[in-house]
Colleague: 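Below is the structure I would like to discuss, written out as structure tokens.
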Protein chains: 2
Amino acid sequence: MAGHYDQSKCQTVSEMLARLGDKWTVLLIMRLRDGPARFSELKRSVVGISQRMLTLTLRALERDGLVNRTVHPTVPPSVEYALTELGVSFSEPIEAMGGWVFRNHEQIRAARSVFDERKAELDKKKLIKI
Amino acid sequence: MAGHYDQSKCQTVSEMLARLGDKWTVLLIMRLRDGPARFSELKRSVVGISQRMLTLTLRALERDGLVNRTVHPTVPPSVEYALTELGVSFSEPIEAMGGWVFRNHEQIRAARSVFDERKAELDKKKLIKI
DNA sequence: CTGGATCCAAATTGATACTG
DNA sequence: CAGTATCAATTTGGATCCAG
């Protein structure tokens with residue numbers, strides 16, 4: 001029993017979960033929930049993202065079928081990104097998770113303070129012993 | 001508007017989101033939903049995790065107040081890890097997300113195939129041009 | 001058994017410069 | 001505007017050895 005937490009057994013699942021890890025995917029999906037946007041709009045919305053990371057993240061999302069990329073053949077070119085149906089569906093659990101973190105981050109901060117302080121004390125005692 | 005996807009504004013939120021990214025956190029939380037476990041049990045359950053990563057991930061979860069670490073003063077020592085109340089609460093959105101990925105990974109695989117094949121064709125054409 | 005410390009290889013990422 | 005390419009820097013992870 002309990003043998004099903006094997007990431008190698010469910011490659012895709014674990015890859016998707018891994019994708020969420022990179023700082024930007026969640027932020028980008030949350031942004032796209034508000035509606036489609038162009039490349040440069042996204043770059044402005046998601047503060048701190050580099051052009052490179054924006055491109056890479058969008059490509060990955062596109063590849064997974066979560067985001068649609070439509071090029072308008074204008075000059076200068078304009079490209080619009082939007083969540084697909086699958087993407088919208090996926091954004092729901094993401095939103096739930098984001099919401100949880102948002103609601104509970106105070107508690108987390110508090111827990112961290114306690115932990116760090118306790119650790120600092122232990123380190124002090126250890127220093128005396130050594 | 002749309003200025004709230006700024007990770008620097010909500011350090012904790014973005015950190016938590018980032019923590020999910022590392023391969024192991026989600027797997028570990030899912031495992032701990034089944035009940036408390038000892039270090040070595042966890043190591044066996046979460047296939048592929050190294051000792052180092054297990055330790056690091058557990059410490060991080062403990063620090064965030066999601067996991068409780070109780071040492072039983074036996075010889076040899078035995079340490080039990082369990083989700084805290086906060087951890088259980090957090091595990092719900094996680095589970096939802098995991099569930100979604102699990103249910104939809106076929107669609108994702110399909111999307112990837114389409115994308116990759118299309119890209120392969122484009123690359124071929126480009127090669128001819130060059 | 002649990003887990004800290006260290007060393008090293010590999011993967012990510014950011015800054016920068018360049019292009020259609 | 002929307003990227004691609006390249007390089008340097010940081011991060012990350014695994015392997016190994018050691019200790020309470």
Side-chain angles (χ1 to χ4, degrees), chain A residues 7-8 14-15 17-28 32 36-63 67-82 115 118-119 122-123 125-127 129-130, chain B residues 7-8 14-15 17-28 32 36-63 67-82 119 122-123 125-127 129-130:
Chain A
Q7 47 134 353
S8 73
S14 116
E15 276 171 39
L17 260 24
R19 167 148 330 291
L20 299 176
D22 68 64
K23 279 206 293 258
W24 306 117
T25 299
V26 171
L27 259 12
L28 219 44
L32 286 174
R38 301 179 47 173
F39 188 85
S40 44
E41 287 178 305
L42 290 175
K43 186 144 173 14
R44 270 190 303 275
S45 292
V46 181
V47 180
I49 195 170
S50 68
Q51 198 176 40
R52 176 190 152 84
M53 281 303 104
L54 181 53
T55 302
L56 290 182
T57 308
L58 284 171
R59 284 294 166 284
L61 290 174
E62 191 193 352
R63 181 168 112 96
V67 159
N68 235 319
R69 175 174 179 270
T70 57
V71 183
H72 297 102
T74 59
V75 178
S78 128
V79 180
E80 196 176 68
Y81 292 91
F115 184 94
R118 189 170 299 170
K119 177 167 166 47
L122 288 181
D123 285 356
K125 285 187 186 168
K126 198 173 260 179
L127 243 162
K129 275 177 87 177
I130 301 171
Chain B
Q7 48 134 352
S8 73
S14 116
E15 276 172 38
L17 259 25
R19 167 147 330 291
L20 299 176
D22 69 64
K23 280 206 292 258
W24 306 117
T25 300
V26 171
L27 259 12
L28 219 44
L32 286 174
R38 299 179 49 175
F39 188 84
S40 43
E41 287 179 305
L42 290 175
K43 185 143 170 18
R44 270 190 303 276
S45 291
V46 181
V47 181
I49 195 170
S50 68
Q51 196 178 49
R52 177 189 150 86
M53 282 303 104
L54 181 54
T55 302
L56 289 182
T57 309
L58 284 171
R59 284 293 164 287
L61 290 174
E62 192 193 352
R63 184 168 110 96
V67 159
N68 234 318
R69 175 175 179 268
T70 58
V71 182
H72 298 101
T74 61
V75 177
S78 127
V79 182
E80 196 176 68
Y81 292 91
K119 178 168 165 43
L122 287 182
D123 285 356
K125 285 189 187 165
K126 200 174 257 181
L127 243 162
K129 273 176 88 178
I130 299 171

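Protein chains get the first letters and strands the later ones, always in sequence-line order, with residue 1 at the start of each. Everything quoted here is computed from the prediction, not taken from an experiment.
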Colleague: Do any of residues 67-80 of chain A sit with a heavy atom less than 4.0 Å from DNA chain C, and if so which?
Modeller: A:Pro77
Colleague: Assign a letter to each nucleotide of nucleotides 11-16 of chain C from its 5' end: B, base within under 4.0 Å of a protein heavy atom; S, sugar-phosphate only; -, no contact.
Modeller: --BBB-
Colleague: If the cut-off is 4.0 Å, is B:Tyr81 near the phosphate of C:dG3, judged by side-chain N/O to OP1 or OP2?
Modeller: yes
Colleague: With rounding to the nearest 0.5 angstrom, report the CD1 to CH2 distance, B:Ile49 to B:Trp24.
Modeller: 5.5 Å
Colleague: Do A:Leu54 and A:Leu28 make a side-chain contact, defined as non-hydrogen atoms from C-beta onward lying under 4.5 Å apart?
Modeller: yes
Colleague: What integer distance in Å separates B:Leu58:CG from C:dT2:P?
Modeller: 11 Å
Colleague: Side-chain donor-acceptor contacts of residues 68-77 of chain A below 3.5 Å, not counting sequence neighbours, with atom names and distances?
Modeller:
| from | atom 1 | to | atom 2 | distance (Å) |
| --- | --- | --- | --- | --- |
| A:Arg69 | NE | A:Tyr81 | OH | 3.3 |
| A:Thr70 | OG1 | A:Glu80 | O | 3.4 |
| A:Thr74 | OG1 | A:His72 | O | 3.4 |
| A:Thr74 | OG1 | A:Pro76 | O | 2.9 |

Colleague: The criterion is salt bridge (Lys or Arg N to Asp or Glu O under 4.0 Å); which residues satisfy it with A:Lys119, sequence neighbours excluded?
Modeller: A:Asp123
Colleague: With sequence neighbours left out, which residue pairs that include part of residues 47-59 of chain B fulfil the salt bridge (charged side-chain N to carboxylate O under 4.0 Å, His left out) condition?
Modeller: B:Arg59-B:Glu62
Colleague: Taking CZ from A:Phe39 and P from C:dG20, how many angstroms apart are they, rounded to a whole number?
Modeller: 18 Å
Colleague: Could I get the full list of salt bridge (Lys or Arg N to Asp or Glu O under 4.0 Å) partners for B:Arg38, not counting sequence neighbours?
Modeller: none
Colleague: Please report how far the helix from C:dC1-D:dG20 to C:dG20-D:dC1 bends, comparing the axis fitted to its first five pairs with the axis fitted to its last five, to the nearest 10 degrees.
Modeller: 50°
Colleague: How would you give the extent of chain B contacts on DNA chain D, as first and last nucleotide 5' to 3' within a 4.0 Å heavy-atom cut-off?
Modeller: D:dG13 to D:dG20
Colleague: Just how far, in rounded Å, is C1' of C:dG4 from CG of A:Leu122?
Modeller: 14 Å
Colleague: Partners of A:Ala60 by side chain to side chain contact (heavy atoms under 4.5 Å, CB included), sequence neighbours excluded?
Modeller: A:Arg19
Colleague: How long is the line joining CD of B:Glu62 and C1' of C:dG4, in whole Å?
Modeller: 14 Å
Colleague: State the OG-CE distance between B:Ser50 and B:Met53, to the nearest 0.5 angstrom.
Modeller: 5.0 Å
Colleague: Can you check side chain to side chain contact (heavy atoms under 4.5 Å, CB included) on B:Leu42 and B:Leu58, steps first, answer last?
Modeller: CA-CA 10 Å; B:Leu42 290 175; B:Leu58 284 171; 4.1 Å; yes
